[in-house]
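As the structure is a computational prediction, the values presented were derived from the model and not from experiment. The first residue in the sequence is number 1, and the count goes up from there. All heavy atoms count here, side chains included; hydrogens, waters and symmetry mates do not.
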Amino acid sequence: FIHTIDPTESKEDGIKIFNYTKEKRTVEIRAVDAAMSVDGSFSCRQDSEPRKEVGTWVKLDEQRIILNPESSEVIDFTVTVPKGATPGEHGGCITVQDTKDFASTSGSGIQLGFRSAIRIAIHVPGKIVKELSILRVERKRLEDGNYSISPIAKNTGNVSLDAKTRLQLVDSFGRPSPLKSADYPVMPGATMGWAFTVERPFWGGFYKAQTSISYNADPTAGLGERVNDTKKIRKDTGYFFMIGAPEAIAIEIGVPLLLIALLIWKLRRRKQKKTLRLSWE
């Protein structure tokens with residue numbers, strides 16, 4: 001749900017819940033605040049956590065319903081933005097949970113409950129700031145020998161951004177690798193990284209990673225809207241050495257050793273022939 005609402009104003013909407021099973025189901029519906037997950041992506045707070053923003057702005061007509069088999073029902077709700085709400089995007093969720101999916105209250109060990117959620121993005125009019133910056137580019141060698149390259153970006157604006165991230169490796173001769181790209185939403189205030197896995201070059205060598213992120217820079221465009229006004233930011237790593245495949249390492253070490261062994265053998269043969277000539281004289 002995406003709505004633009006002025007402070008003290010309200011909008012009505014509804015969520016349609018389906019029961020595709022052949023049994024009656026008791027379902028609980030809640031409104032909660034949004035949260036950032038560990039990697040900076042969008043997530044929803046638990047129902048037990050305090051509500052401070054959109055979770056308090058949403059008033060559901062029903063919070064518990066019984067759905068007959070193979071039926072559906074629309075639950076109406078109203079979003080009211082309070083006076084003094086700051087301009088920009090405010091996030092929340094409407095969660096839906098079958099009571100059969102509640103975590104068990106008895107027993108030991110880890111107990112899990114399962115719920116579904118729909119994102120709510122409320123835009124409060126005012127000065128909209130869209131700004132994204134790449135803080136750094138992290139790289140590390142993985143256990144399988146391949147490499148992970150991660151541009152780390154921060155959304156310093158007050159709305160979510162649809163970001164298109166690109167990565168390309170360039171070797172010491174200036175030859176580029178195939179381009180990798182992915183699309184991600186970035187919440188306001190979030191610091192988020194995108195890990196791209198790149199296969200190690202067979203022979204290894206010196207490479208640098210070129211990263212870029214394009215995002216919707218038009219302050220009048222909403223979340224998910226495709227526009228031509230995009231901004232592109234870049235950050236590259238310096239050259240670093242990528243270790244090649246074990247076979248390549250074996251060849252790179254083995255060939256010089258073989259050449260050295262051949263040279264030693266030839267020198268010894270020459271010495272033996274010289275010694276043999278002297279003995280005959």
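Between atom CD1 of residue I213 and atom CG of residue L167 there is a gap of 11.0 Å, rounded to the nearest 0.5 Å. Once rounded to the nearest 0.5 Å, the distance linking CD of E199 with CE of M242 reads 10.0 Å. Taking CZ of R136 as the reference point, atom NZ of K154 lies at 11.0 Å (rounded to 0.5 Å). Here the straight-line distance linking atom OG1 of T237 with atom CD of E138 works out to 12.5 Å at 0.5 Å rounding. Atom OG in S150 sits 8.5 Å away from atom CZ in F196 (nearest 0.5 Å). The CG atom of N19 lies 8.5 Å from the CD atom of E23; values are rounded to the nearest 0.5 Å.
Taking hydrophobic clusters as Ile, Leu, Val, Met, Phe, Trp and Tyr residues chained together by side-chain heavy-atom distances below 4.5 Å, I120 does not share a cluster with V32. Placement of F241 and V137 within a single hydrophobic cluster is found when ILVMFWY residues are connected by side-chain heavy-atom separations under 4.5 Å, directly or transitively. Hydrophobic cluster membership differs between F240 and L142, with clusters built from Ile, Leu, Val, Met, Phe, Trp and Tyr side chains linked at under 4.5 angstrom. Neither F1 nor F42 shares a network with the other; the hydrophobic side chains, linked directly or stepwise wherever heavy atoms of I, L, V, M, F, W or Y lie under 4.5 Å apart, form separate groups for each. L179 is not connected to I134 by any chain of hydrophobic side-chain contacts under 4.5 Å among Ile, Leu, Val, Met, Phe, Trp and Tyr, and they are in different clusters.
With sequence neighbours excluded, no residue forms a ring pair (Phe, Tyr, Trp, His ring centres under 6.0 Å) with Y239. For Y147, there are no ring pair (Phe, Tyr, Trp, His ring centres under 6.0 Å) partners at least two apart in sequence or on another chain. Every residue was checked against the ring pair (Phe, Tyr, Trp, His ring centres under 6.0 Å) condition with F173, not counting sequence neighbours, and none meets it. In this view, E143 satisfies the side-chain hydrogen bond (donor to acceptor under 3.5 Å, both in side chains) rule with no residue, not counting sequence neighbours. Among residues two or more places apart in sequence or in another chain, the ring pair (Phe, Tyr, Trp, His ring centres under 6.0 Å) test is passed with Y184 by W194. Judged as a side-chain hydrogen bond (donor to acceptor under 3.5 Å, both in side chains), and not counting sequence neighbours, R139 has no contacts. Residues satisfying the side-chain hydrogen bond (donor to acceptor under 3.5 Å, both in side chains) criterion with R200, sequence neighbours excluded, are absent altogether.
Closest approach of A35 and R45 over heavy atoms only: CB-CG, 3.6 Å. For the residue pair N216 and L161, the shortest heavy atom distance occurs at O-CD2, 3.8 Å. Scanning all heavy atoms of the two residues, the minimum distance from S214 to R166 falls at OG-NH1, 3.1 Å. In terms of heavy atoms, K24 sits closest to I66 at CD-CG2, 4.3 Å. Looking at every heavy atom in both residues, V54 comes nearest to I122 through CG2-CG1, 4.3 Å. Across every non-hydrogen atom of S177 and Q168, the tightest pair is O-NE2, 2.7 Å.
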Practice prompt. Under the salt bridge (charged side-chain N to carboxylate O under 4.0 Å, His left out) rule, what do E89 and R119 come out as? Steps first, then yes or no, please.
Written response: CA-CA 12 Å; E89 180 185 312; R119 180 179 178 181; 3.2 Å; yes
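Looking only at side-chain heavy atoms (C-beta outward), D47 and T95 stay at 4.5 Å or farther from each other. Side-chain atoms of V159 and K130, non-hydrogen and from C-beta on, do get closer than 4.5 Å to each other. Within the 4.5 Å cutoff, the side chain of E49 has no heavy atoms near those of the D33 side chain. Side-chain contact between C93 and R115: absent, with no pair of heavy atoms (C-beta onward) separated by less than 4.5 Å. Counting only heavy atoms from C-beta outward, the side chains of I29 and I94 approach each other to under 4.5 Å. Taking the side chain as every heavy atom from C-beta outward, D162 and D183 never approach each other to under 4.5 Å. In this structure, T230 and K164 have side chains that are not in contact, with every pair of non-hydrogen atoms separated by 4.5 Å or more. Looking at heavy atoms from C-beta onward, T165 lies in side-chain contact with P151 at the 4.5 angstrom threshold.
As a member of the Ile/Leu/Val/Met/Phe/Trp/Tyr network built from side-chain separations under 4.5 Å, F18 groups with Y20.
Ion pairing between E28 and R30 holds under the 4.0 Å rule for side-chain N and carboxylate O.
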Enumerate, atom names and distances included, each donor-acceptor pair closer than 3.5 Å involving a side-chain atom of residues 5-14, sequence neighbours excluded.
| residue | atom | partner | partner atom | Å |
| --- | --- | --- | --- | --- |
| S10 | OG | T80 | OG1 | 2.7 |
| K11 | NZ | T4 | O | 3.3 |
| D13 | OD2 | H3 | NE2 | 2.8 |

Please list every donor-acceptor pair under 3.5 Å in which a side-chain atom of residues 69-77 meets a protein atom from a residue at least two apart or in another chain.
| residue | atom | partner | partner atom | Å |
| --- | --- | --- | --- | --- |
| E70 | OE2 | K22 | NZ | 3.0 |
| S71 | OG | N68 | N | 3.2 |
| S71 | OG | N68 | O | 2.6 |

Would you mind writing out the side-chain donor-acceptor pairs for residues 56-63 within the sub-3.5 Å range, not counting sequence neighbours?
| residue | atom | partner | partner atom | Å |
| --- | --- | --- | --- | --- |
| T56 | OG1 | E53 | O | 2.6 |
| W57 | NE1 | E53 | O | 3.4 |

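Judged purely by distance below 3.5 Å, without hydrogens or angles, the side chains of E131 and T156 never pair a donor atom with an acceptor atom. Counting only N and O atoms by type, the side chains of T99 and R64 include no donor and acceptor under 3.5 Å apart.
Side-chain N or O atoms of N158 include one that pairs as donor or acceptor with a backbone N or O of V129 at under 3.5 Å.
Here salt bridge (charged side-chain N to carboxylate O under 4.0 Å, His left out) pairs that include residues 233-242, with residues two or more places apart or in two chains, are R234-D236.
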